[in-house]
Amino acid sequence: MKKGILFLFAVVVTTSLFAQKSSQGTLKYNWFNQGWFFDVNAGTRLLGKTSEQANMKPGFTSNTGAGYLFNEKFGVKGRVDYHNFQTTGGTPSTSHSIGVSVEGIANLIQVIGQRKARKFSLALHGGVGVATLFNPKWKQSVIDDPNRELNDGGFNGNNELFHIIVGITPQYHVNSILSLNLDVSHFTQFRQYNTYDTFNAEKANGVTGVLGLSLGLTFRLP
């Protein structure tokens, strides 16, 4: 944890010193103009469908993405998300999901407010994606059982699903190339057949959901 804090501090200080050159004409870039950006976040996963025999505490989540701002108001972004699901009760197990999404972005303050550079922004984002849900221990138990086999489509033993993602991301702009993020993203999932406690063999019925709360950094190309 301490190493992570020290690394974050070093990144902020380094980019702050670099961005100071913009006032001398070396870095001619403003955060609200068009251009490429990259971000990385990590935090807590909430919600998730389990059987009646199991309980699930909040888990780990992370995401990384790359996008392009067409102007100070709108842009697009692709992202990759990872969620961890650890259950207790019944047969304890750990599942994972990895998903990819494409989103549209609207910087709300710039959309409804006066066009100018601000230290804070509020990005509304939403889109669609696909994900694969898997439980390694359960998959191995099927492989080791001569009376069972993995014969489903897609990634054998995985549950492929579709999702709609909607989120909001407050940002604090440290300088012209670095921002601090608080991302809140909700995934409405379709075609989830297995509950996250796969061993209990109870199926998920209907639409399910996962919520991710994460902190991170956004880097913009000069």
Side-chain angles (χ1 to χ4, degrees), residues 1-5 39-65 77-103 125-169 181-216:
M1 182 65 178
K2 291 183 179 179
K3 291 182 179 180
I5 295 175
D39 56 33
V40 58
N41 301 280
T44 301
R45 184 272 313 149
L46 302 173
L47 305 179
K49 179 70 173 180
T50 61
S51 70
E52 295 181 356
Q53 292 79 36
N55 298 308
M56 183 166 58
K57 295 181 180 179
F60 176 75
T61 187
S62 63
N63 65 80
T64 184
K77 174 184 174 181
R79 63 185 277 170
V80 178
D81 286 87
Y82 166 79
H83 302 301
N84 175 274
F85 307 89
Q86 189 168 12
T87 61
T88 59
T91 302
S93 64
T94 301
S95 295
H96 314 268
S97 73
I98 299 174
V100 294
S101 308
V102 177
E103 298 183 285
H125 54 90
V128 296
V130 294
T132 183
L133 166 64
F134 57 99
N135 186 314
K137 189 175 180 181
W138 178 82
K139 287 179 65 174
Q140 190 60 47
S141 72
V142 176
I143 294 172
D144 294 339
D145 187 342
N147 298 316
R148 303 166 68 191
E149 63 178 346
L150 299 172
N151 57 5
D152 55 297
F155 297 103
N156 280 350
N158 291 18
N159 182 176
E160 277 71 51
L161 46 86
F162 302 95
H163 62 250
I164 296 173
I165 177 175
V166 176
I168 192 165
T169 305
N181 308 322
L182 169 61
D183 183 63
V184 181
S185 295
H186 183 271
F187 299 81
T188 302
Q189 302 177 144
F190 305 90
R191 295 187 64 189
Q192 180 179 348
Y193 302 131
N194 300 322
T195 57
Y196 293 111
D197 54 317
T198 312
F199 277 98
N200 291 328
E202 184 174 318
K203 299 302 181 181
N205 294 318
V207 178
T208 61
V210 170
L211 180 67
L213 308 174
S214 59
L215 295 171

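Side-chain N/O atoms of Thr50 and Asp197 include no donor and acceptor closer than 3.5 Å. Side chain to side chain, Asn158 and Lys139 meet the donor-acceptor criterion of an N or O pair below 3.5 Å. Looking only at atom types and distance, the side chain of Gln53 has a donor-acceptor partner in the side chain of Ser51 under 3.5 Å away.
Rounded to the nearest 0.5 angstrom, Thr198 OG1 and Lys203 NZ are separated by 8.5 Å. The distance from the CZ atom of Arg79 to the CG atom of Asn41 is 7.5 Å, given to the nearest 0.5 Å. Between the CE atom in Met56 and the CD atom in Gln86 there is a gap of 10.5 Å [rounded to 0.5 Å]. Rounding to the nearest 0.5 Å places CD of Gln140 at 11.5 Å from CG of Asn135. A distance of 8.5 Å separates OH in Tyr196 from CG in Asn159, rounded to the nearest 0.5 Å. Taking NE2 of His163 as the reference point, atom CZ of Phe190 lies at 10.5 Å (rounded to 0.5 Å).
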Subject >> Asn181/Asp39 under side-chain contact (heavy atoms from CB on, under 4.5 Å): CA gap, chis, key distance, verdict >> reply: CA-CA 9 Å; Asn181 308 322; Asp39 56 33; 4.0 Å; yes
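Side-chain contact between Asn55 and Lys57 is absent, with no heavy-atom pair separated by less than 4.5 Å. Between Val184 and Leu211, some side-chain heavy-atom pair lies under the 4.5 Å cut-off. Between Thr208 and Gln189, some side-chain heavy-atom pair lies under the 4.5 Å cut-off. Under the 4.5 Å side-chain criterion, counting only non-hydrogen atoms from C-beta, Asn63 is in contact with Asp183.
In terms of heavy atoms, His125 sits closest to Ile168 at NE2-N, 3.6 Å. The shortest non-hydrogen separation linking Pro136 to His96 is CD-CD2, 3.6 Å. Taking all atoms of both residues into account, the shortest heavy-atom contact from His186 to Gly209 is NE2-CA, 4.1 Å. Minimum heavy-atom separation, Asn200 to Ala54: ND2-CB, 3.8 Å.
The backbone N or O of Leu47 lies less than 3.5 Å from a partner atom in the side chain of Arg45, making a donor-acceptor pair.
Of the candidates Phe85, Phe134, Phe199, Phe85 is the only one forming a side chain to side chain contact (heavy atoms under 4.5 Å, CB included) with Ser95.
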